[in-house]
There are 2 protein chains.
Amino acid sequence: MSIPSDLRSRKRLATREGISNVATRLFAERGFDHVTVDEIAIAADVGRKTVFNYFPRKEDMVFDRDEEGREVLREALRQRDAKVAPIEMLRLLAHRLIAEQSPYVDFSSRSEGFIETIQASETLKARARAIRAELAQVVTVALAECGGRDPDDPDAHLAAGLLLATWTVAFIEAHRAFRRGRDTEEAKAAFLAIIDKATIGLKAAMAGTPYV
Amino acid sequence: MSIPSDLRSRKRLATREGISNVATRLFAERGFDHVTVDEIAIAADVGRKTVFNYFPRKEDMVFDRDEEGREVLREALRQRDAKVAPIEMLRLLAHRLIAEQSPYVDFSSRSEGFIETIQASETLKARARAIRAELAQVVTVALAECGGRDPDDPDAHLAAGLLLATWTVAFIEAHRAFRRGRDTEEAKAAFLAIIDKATIGLKAAMAGTPYV
DNA sequence: CACATAATTACACTGAATATCAATATATAC
DNA sequence: GTATATATTGATATTCAGTGTAATTATGTG
């Protein structure tokens with residue numbers, strides 16, 4: 001997380017930031033699908049290849065923290081106290097992310113534009129679904145490990161699927177709540193309310209497995 | 001479903017079938033991503049534009065029954081007896097589809113190749129996720145209607161998300177069961193076992209809503 | 001047969017993504 | 001400080017999916 005001292009690395013970061021900022025602005029202004037990579041390269045004053053150098057796919061200019069997100073999930077389940085069941089652990093994670101003002105659960109005017117940009121583009125929605133699928137895979141593996149089972153345990157798959165569906169709905173609903181009341185606190189409350197309520201249900205659904 | 005008598009319509013169907021068959025064969029032989037639309041057009045002896053005429057996207061040559069699938073879900077929930085809760089209705093639908101040998105729940109050597117082709121291609125997996133998202137949307141709207149609520153009712157979204165996750169896991173698990181034992185009946189039993197078990201959990205999770 | 005309509009195709013174009021290779025900037029060894 | 005190695009960049013060309021347009025061919029109808 002620290003800024004590298006050597007010139008090469010700093011230049012790299014600056015170039016990356018420059019492209020990212022230009023792209024973000026253009027996407028917000030005109031929509032993801034109506035901005036070409038050529039335009040981004042020109043606006044950022046770099047070569048077209050340089051853009052693809054930093055962001056292998058155009059979508060990566062929007063979602064550039066997905067590995068970080070997966071790591072948050074892995075860590076939460078790895079550092080779990082043995083007394084706390086995995087499903088409960090993820091509920092606690094939701095509360096912690098909210099308490100820590102994590103950017104993953106930011107429901108504000110700023111994030112609203114981000115969400116709008118995504119919703120307006122089939123390509124970005126597809127990428128969001130792919131990221132969810134990767135998250136589900138991470139949760140599946142982590143759960144199976146917690147429960148001492150195979151990484152293809154059906155119960156782990158089911159639990160992960162139900163959990164991801166829950167978080168997704170909570171996330172969407174929190175953003176909707178913010179749009180209605182323009183109140184971040186209200187949105188956070190909505191997020192946690194859905195997580196908490198659904199967790200009770202999920203515990204019932206997964207009773208008899210090592211995950212609850 | 002009946003074959004049209006006029007020459008034009010028959011030719012249309014034949015052309016479509018021809019393209020579809022050629023494409024299916026090529027995809028199975030060499031993988032979706034290693035077959036170009038040009039090759040399909042040449043092999044099917046039609047113009048490139050004709051291919052796109054029948055299948056707007058390359059993926060549509062693989063998934064050409066998704067609207068049909070959505071309609072099955074809509075119909076099941078629409079023709080529901082008022083005494084049967086929506087979530088229970090979908091459990092019954094699963095049993096009916098299995099009993100009727102519906103192609104949607106075919107776990108055999110034939111469908112195995114189909115699944116392999118999809119799993120081998122990021123593009124096709126993305127399309128499968130998009131179709132799931134569309135199904136979730138259909139279920140959300142149908143549930144909300146059943147429960148006399150808004151189409152953006154959080155409970156409906158949550159229930160639909162949980163249901164789709166359940167069906168997806170059941171589907172994947174049934175295919176895995178077939179791969180293990182090469183027994184269609186065993187795979188069908190695995191499918192229904194997951195649906196039945198998860199339904200109990202989902203009823204607990206959605207208690208207090210109009211959907212259970 | 002003549003006319004209208006639908007289907008097919010050729011052609012040209014856009015835009016994402018990849019590959020190659022030369023030019024340039026930076027780091028490291030001496 | 002100079003030389004060499006390496007990383008970064010950029011110019012150029014190519015592949016492939018997908019779209020638009022207009023011309024051509026096939027089919028249905030009076």
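Letters go in sequence order (proteins before strands), and every chain restarts at 1. Keep in mind the model is a prediction, meaning the values are calculated, not measured.
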Fill in: side-chain N/O B:Lys11 vs D:dT27 OP1/OP2, d < 4.0 Å
yes

Discussion item. Tell me the interatomic distance from A:Asp45, atom CG, to D:dA11, atom C1', rounded to whole angstroms.
Written reply: 15 Å

Worksheet item: Atom CG of B:Leu26 and atom P of D:dC16: how far apart are they, to the nearest Å?
Response: 14 Å

Item to complete: Identify, between A:Lys49 and B:Phe52, the residue whose nearest nucleotide on DNA chain D lies closer to the 5' end.
Response: A:Lys49

Worksheet item: Under 4.0 Å between a Lys/Arg side-chain N and an Asp/Glu carboxylate O for B:Asp155 and A:Lys197?
Response: yes

Worksheet item: Expressed in angstrom and rounded to an integer, what is the separation of B:Met61 atom CE from D:dC16 atom P?
Response: 14 Å

Worksheet item: How close or far is atom P of C:dG15 from atom CD1 of A:Ile42, stated in whole angstroms?
Response: 11 Å

Discussion item. Closest approach to the side chain of B:Thr50, judged atom by atom: which nucleotide of D:dT8, C:dA17, C:dT8 is it?
Written reply: C:dT8

Practice prompt. Classify the side-chain pair A:Asp153/A:Tyr211 by whether it contains a donor and acceptor separated by less than 3.5 Å.
Written response: yes

Worksheet entry | Nucleotide nearest B:Glu59 (side chain, heavy atoms from C-beta), chosen from C:dT8, D:dG18, C:dA25 | D:dG18

Fill in: Short side-chain N/O contact to C:dA17 OP1/OP2 from A:Arg57, under 4.0 Å
no

Practice prompt. Identify the two heavy atoms, one from A:Cys146 and one from A:Pro86, that lie closest to each other, and give their separation to 0.1 Å.
Written response: CB-CG, 3.8 Å

Worksheet entry | Side chain of B:Val46 - closest among D:dG10, C:dG15, C:dT9 | C:dT9

Practice prompt. Name the residue closer to the 5' end of DNA chain C, choosing between A:Asp38 and B:Val51 according to the nucleotide with the nearest heavy atom.
Written response: B:Val51

Item to complete: Return yes if the base of D:dG18 and the side-chain atoms of B:Arg48 contain a donor-acceptor N/O pair under 3.5 Å, otherwise no.
Response: yes

Fill in: Length of the CD-P vector between B:Glu39 and D:dC16, whole Å
7 Å

Worksheet item: Separation of A:Asp60 atom CG from C:dT18 atom C1', in whole Å?
Response: 15 Å

Worksheet entry | B:Glu134 with B:Arg70: basic N within carboxylate O range, under 4.0 Å | yes

Discussion item. Base, sugar-phosphate or nothing for B:Phe55? Non-hydrogen atoms, less than 4.0 Å.
Written reply: nothing

Worksheet item: A:Thr36 has a side chain; which of C:dG15, C:dA7, D:dT8 sits nearest to it?
Response: C:dG15

Practice prompt. Please determine, for the side chain of B:Thr15, which listed nucleotide (C:dA17, D:dC16, C:dT8) has the closest atom?
Written response: C:dT8

Worksheet, complete the sentence: Whole-Å distance, B:Tyr54 OH to C:dA6 P, equals 14 Å

Worksheet item: Could you give the CZ-to-C1' distance, from B:Arg10 to C:dA7, as a whole number of Å?
Response: 16 Å

Worksheet item: Reckon B:Asn53 touches a base, only the sugar-phosphate, or nothing at all at heavy-atom distances under 4.0 Å?
Response: base

Worksheet item: Which atom pair, heavy atoms only, marks the closest approach of A:Phe107 to A:Phe178?
Response: O-CD1, 3.4 Å

Practice prompt. Have a look at B:Val35 and say if it touches a base, only the backbone sugar-phosphate, or nothing, with a 4.0 Å heavy-atom cut-off.
Written response: sugar-phosphate

